[in-house]
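Chain identifiers are assigned alphabetically (A, B, ...) following the order of the sequence lines, protein sequences preceding nucleic acid strands; residue numbering begins at 1 within each chain. Side-chain atoms are counted along with the backbone in the values below, which use heavy atoms only and exclude waters and symmetry mates.
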Amino acid sequence: MSSLHLYNTLTRSVEPFVAKVPGEARVYVCGPTVYDIAHAGNARPAVVFDVLVRHLAAKGNRVTYVRNLTDVDDKIVERARERGEEPLALSARMAPIYQADMRALGCAAPTHEPKVSETIPEIVALVATLVANGSAYVAEMPSGARDVYFSVRSFEGYGKLSRRQIDELEVGARVEANESKRDPLDFALWKGCSTDDAFGWASPWGKGRPGWHIECSAMSAKFLGHGFDIHGGGMDLIFPHHENEIAQSEAAHPGEGPLARVWMHNGFLNVDKEKMSKSLGNFVRPCDIYESNDPEALRWVYLSVQYRGPLSFDLEKTDTRVVYPGVDEAERRVDYVYATLDRLHAAAASADDVEPGAKELAAFARVIDGARKRVEAALDDDLNTPVALAVVGELAKASNELCDTLEKRRKDARLLAVGGALAVRAEVALRSSLDVLGLLHTTAEAYAERTRERRLRVRGLDVATVSAKIAERVAARAAKDFARADVLRAELDASGVELADGKDGTQWRVRV
RNA sequence: GGCGAGGUAGCCAAGUGGUUAGGCAACGGUUUGCAAAACCGUCAUACGCGGGUUCGAAUCCCGUCCUCGCCUCCA
């Protein structure tokens, strides 16, 4: 068994993963701020770290996976005010949408999914600890409200994650004017409310709410303790969010070592080489993509690139709708793998207890029996999912070739028995490889049904019309009227329906 | 300005010193009444540019051009 190596932002190098407690892995990932529906960029870390967690578990680790939901935040307050809604009502509405979008993408629910609003006592206690040991101070605002700030210069290791020098930060800092801060670099742990009816919670410093970074320090400590194994999130969180998390948590636990041993950061989605973002307006949401494509195809797209690099996400606007060529391509691959799984399952039926010895199948056996280990090795190499997908592709190809061979030589009972046994192994290897990637979670039938339904809708077709034309063509073929049959085929093809004439009649499917 | 990522065949994308990445598109073939699917083959001795180290470099070193990100809310 190979061993897992991960790129650690803290050391800027790939290093062997060594869990604090052998056999256990504690992972914390920064979840979304639920002020709006997630866009496709927000979903990347969910997929990336879902694969990490699956891989850790497949390697025999007991994994505790925490991904928070930030439901208290300036953006939420602002958006809620715009809509005349209570902040917590807004976030309570958005959180389930996020969860459903991620579930559709094949992301398993985290072990714990804490909310800021349910962690207030822990946050207040953490802030109080930092005030008590001199890492933070209370500042009176002109309005009479009291804020609490973290004193950045009091923390010796500040900048170690993002490799920033405090003094250089200060020069280039675009810092909001705030006279109550002792140093422009200091950041808020607690924001006091200026009026009593404002949104907030009671605290030793009056009514208020947590600053942006403190929540994650409190929530990770609550469920994982100080000094857990892996902390993940998007690259834009390195500074200031994760830098500040480190400062707060390590200042609150002096002498207890680093907050997390490994820091992992995923790259962004790019549209036309620019970062996908709300402010640029160049974003699409998973729920938009699900109109055109299967969620599993979108997941395939995320996995087709190594997680640290940028992922270029293409979209093209047609007259009537937006299409996603990359997702379309991925969906054809998903189709292919589901179809392969189906064929293998059929071929496996002829498996029999025979001693192996079919020389002509030896090459297939090599590919099939080596595949799962190659997937593991790829994931061990800092989650090299593109290579893992390549292995899946090679396994599927060998599987199809095996099935072709068995169909061609269906009279050879011994070969069928040996080949069937091989098909059983191929099916297991393929399933297991896809499982660790979180792909192909449903049955081929269910997938075919839901994609057919969606593709018909997208193309404005209905089953009755298609079926009628197919029936007409079947009759024409039976009457050897191939000219008429070909006209009907061409018509269907033009509308996006592909036909496959087989021994068991004519099958059809709608193109992506 | 500081820190960081990247430029690999028509397109997407692995690979960090020597032996096939993989996929898509295109074209040719096996199969088929014709097709589709599947499979085989071609495109593919490609690695931004210029030097250097080496028996050997996409991979290491120096220089250089370009793209993008973070430094302000951001996955």
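No contact: A/Gly393 has no heavy atom under 4.0 Å from any strand. In this structure, A/Ser277 reaches neither bases nor backbone, as no heavy-atom distance under 4.0 Å exists between it and the strands shown. Across all strands, A/Arg12 comes closer than 4.0 Å only to sugar-phosphate atoms, never to a base (heavy-atom distances). Residue A/Ser162 is in sugar-phosphate contact alone, with no base atom involved, counting any heavy-atom pair closer than 4.0 Å across all strands shown.
A/Lys275 has a side-chain polar atom (N or O) that falls below the 4.0 Å cut-off from OP1 or OP2 of B/C70. OP1 or OP2 of B/A38 has not a single side-chain nitrogen or oxygen of A/Asn400 nearer than 4.0 Å. Residue A/Arg333 places at least one side-chain N or O closer than 4.0 Å to OP1 or OP2 of B/C24. The phosphate of B/G22 (OP1 or OP2) has no side-chain N or O of A/Lys397 nearer than 4.0 angstrom. The side chain of A/Tyr336 places no N or O atom within less than 4.0 Å of a non-bridging phosphate oxygen (OP1 or OP2) of B/C24.
When each of A/Arg452, A/Arg333, A/Arg450 is tested with A/Asp294 by the rule salt bridge (charged side-chain N to carboxylate O under 4.0 Å, His left out), just one qualifies, namely A/Arg450.
Proximity note for A/Asp381 (side chain, C-beta onward) versus B/A36, B/A14, B/G15: the nearest is B/G15. Candidate nucleotides B/C40, B/A14, B/A38 were compared by shortest atom distance to the side chain of A/Asn384, and B/A14 ranks first. The side chain of A/Glu498 has B/A36 as its nearest neighbour among B/A36, B/C73, B/A38. Comparing atom distances between the A/Asp404 side chain and each of B/G23, B/A14, B/A38 picks out B/A38 as nearest. When the nucleotides B/C40, B/C70, B/U67 are ranked by their closest atom to the side chain of A/Lys273, B/U67 comes out on top. Closest contact between the side chain of A/Glu401 and the listed nucleotides B/C71, B/A14, B/C39 involves B/C39. Closest to the side chain of A/Asp236, out of B/A75, B/A14, B/C40, is B/A75. Taking the side chain of A/Ser312 as heavy atoms from C-beta on, and the options B/C12, B/G33, B/C71, the nearest nucleotide is B/C12.
Across the strands present, B/G28 finds its partner in B/C40; the criterion is a Watson-Crick or G-U wobble pair with both atom distances under 3.5 angstrom.
Judged purely by atom type and a 3.5 angstrom limit, A/Asp481 uses its side chain to pair as donor or acceptor with the backbone of A/Arg484. A donor-acceptor pair under 3.5 Å is formed between the side chain of A/Ser91 and the backbone N or O of A/Pro87. Remark: the backbone N or O of A/His39 is paired with a side-chain donor or acceptor of A/Asn42 at under 3.5 angstrom.
For A/His242 and A/His265, the side-chain atoms include at least one donor-acceptor pair closer than 3.5 Å.
In this structure, A/Asp501 and A/Tyr35 both approach RNA chain B, and ranking their closest nucleotides by distance from the 5' end singles out A/Asp501. Residue order along RNA chain B, read from the 5' end via each residue's closest nucleotide, puts A/Tyr7 first among A/Gly31 and A/Tyr7.
The base of B/C34 is paired with the side chain of A/Arg489 by a donor and an acceptor separated by under 3.5 Å. Judged by atom type and distance alone, A/Asp486 reaches the base of B/G33 through a side-chain donor-acceptor pair under 3.5 Å. At a cut-off of 3.5 angstrom, counting only N and O atoms as typed in the model, there is no donor on one side facing an acceptor on the other between the side-chain of A/Arg163 and the base of B/G4. Applying the 3.5 Å distance criterion, the base of B/G22 shares no donor-acceptor pair with the side chain of A/Arg374.
Remark: the separation of the C1' atoms in B/G7 and B/C47 is 10 Å, to the nearest Å.
An aromatic stacking contact between A/Phe268 and the base of B/A75 is absent, as defined here by ring centres under 5.5 Å apart and ring planes under 30° from parallel.
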